[in-house]
Amino acid sequence: MVKSGAGVGGDQIEAALDTGVDGLVVEGTGLGNTTAAVGDAIEQAISTGVPVVVTSRCYAGSTAPVYGTRGGGRTLANHGAMHGDDLPTHKARLKLLLVLRHVDDPSHTRRYFSRIGR
């Protein structure tokens, strides 16, 4: 799990990729947006085949691919990130963990998460 917020870079995601992580859950702001640096690192993770789920740090509400900035939810969805809908980060992590144990190919995780942005 990686949290995004003002001034957060992509270092945590890059370190996770270096260790061979199977999947990532990124906690964004509001509708599931991240900083530009985190957005770039998410793009890199997805390009290497690592599934990424984006959640929100907000107490209630759903993520949505609205903004098109480098770390915006629309851009992340276009890169292939899955939105966790209204799941809090810790529950999205557990869901991703279970899904990855269930599927043979990490690219098949998409069907278990939101269809928003497809």
Side-chain angles (χ1 to χ4, degrees):
M1 294 186 305
V2 174
K3 293 184 180 240
S4 181
V8 173
D11 303 0
Q12 294 176 19
I13 293 174
E14 292 165 8
L17 293 175
D18 289 344
T19 65
V21 69
D22 293 328
L24 289 166
V25 177
V26 178
E27 185 178 84
T29 60
L31 296 172
N33 302 296
T34 67
T35 64
V38 170
D40 293 343
I42 288 172
E43 179 181 18
Q44 176 187 356
I46 292 168
S47 72
T48 64
V50 174
V52 177
V53 178
V54 179
T55 63
S56 175
R57 68 181 179 194
C58 293
Y59 176 71
S62 184
T63 58
V66 175
Y67 299 107
T69 59
R70 283 179 31 218
R74 168 64 57 199
T75 303
L76 301 178
N78 288 341
H79 291 320
M82 300 168 281
H83 282 265
D85 287 334
D86 61 350
L87 286 177
T89 306
H90 65 283
K91 289 183 181 180
R93 178 188 173 272
L94 291 173
K95 183 175 181 177
L96 181 59
L97 179 70
L98 291 170
V99 168
L100 287 172
R101 292 194 189 263
H102 175 72
V103 299
D104 294 330
D105 183 343
S107 67
H108 296 150
T109 57
R110 178 166 301 284
R111 73 178 116 164
Y112 296 94
F113 285 91
S114 172
R115 298 190 184 277
I116 292 175
R118 294 177 83 190

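Start at 1 with the first residue, then count along the sequence. Heavy-atom basis, side chains included; hydrogens, waters and symmetry copies ignored.
The heavy-atom pair separating Ala92 from Leu87 by the smallest distance is CA-CD1, 4.1 Å. The shortest heavy-atom contact between Ala37 and Gly9 is CB-CA, 3.7 Å. Summarising the geometry of Pro51 relative to Met82, their closest heavy-atom pair is CB-CE, 3.7 Å, with the distance given to 0.1 Å. Across all their heavy atoms, Val8 and Lys3 have their closest contact at CG1-O, 3.6 Å. Taking all atoms of both residues into account, the shortest heavy-atom contact from Val25 to Arg93 is CG2-CA, 3.7 Å.
Within the model, atoms CD1 of Ile13 and CG of Asp18 stand 12.0 Å from one another, a figure rounded to the nearest 0.5 Å. Atoms CD and CG, from Glu43 and Asp40 in turn, are 6.5 Å apart once rounded to the nearest 0.5 Å. We find the CE-CG distance between Met1 and Leu96 to be 11.5 Å, quoted to the nearest 0.5 Å. Distance check: Ile42 CD1 to Thr34 OG1 gives 4.5 Å after rounding to the nearest 0.5 Å. If you take CZ on Arg57 and OG on Ser4, they are separated by 8.0 Å, rounding to the nearest 0.5 Å. Going from atom CG of Asp22 over to atom OG1 of Thr109 covers 11.0 Å, rounded to the nearest 0.5 Å.
Linking ILVMFWY residues whenever their side-chain heavy atoms come closer than 4.5 Å, directly or via other members, places Val99 and Val53 in the same cluster. Phe113 and Leu24 end up in different hydrophobic clusters when Ile, Leu, Val, Met, Phe, Trp and Tyr side chains are linked at under 4.5 Å. The hydrophobic cluster containing Val103 does not contain Leu98, counting ILVMFWY residues as joined when their side-chain heavy atoms lie under 4.5 angstrom apart, directly or transitively. By the rule that hydrophobic residues join a cluster once side-chain heavy atoms approach within less than 4.5 Å of another member, Val2 and Val50 end up as members of one cluster.
Side-chain atoms of Asn33 come within 3.5 Å of backbone atoms of Gly73 as a donor-acceptor pair (strictly under, hydrogens ignored). Looking only at distances, no side-chain donor or acceptor of Thr35 sits under 3.5 Å from a matching main-chain atom of Ala6. When atom types are taken as modelled, the side chain of Arg74 and the backbone of Pro65 share a donor-acceptor pair closer than 3.5 angstrom. Between the side chain of Ser56 and the backbone N or O of Gly32 there is no donor-acceptor pair closer than 3.5 Å. A donor-acceptor distance shorter than 3.5 angstrom exists from the side chain of Thr63 to the backbone of Asp85, with no hydrogens or angles considered.
Tyr112 does not carry Lys95 over the face of its six-membered ring by the limits of under 6.0 Å from the centre and within 45° of the normal.
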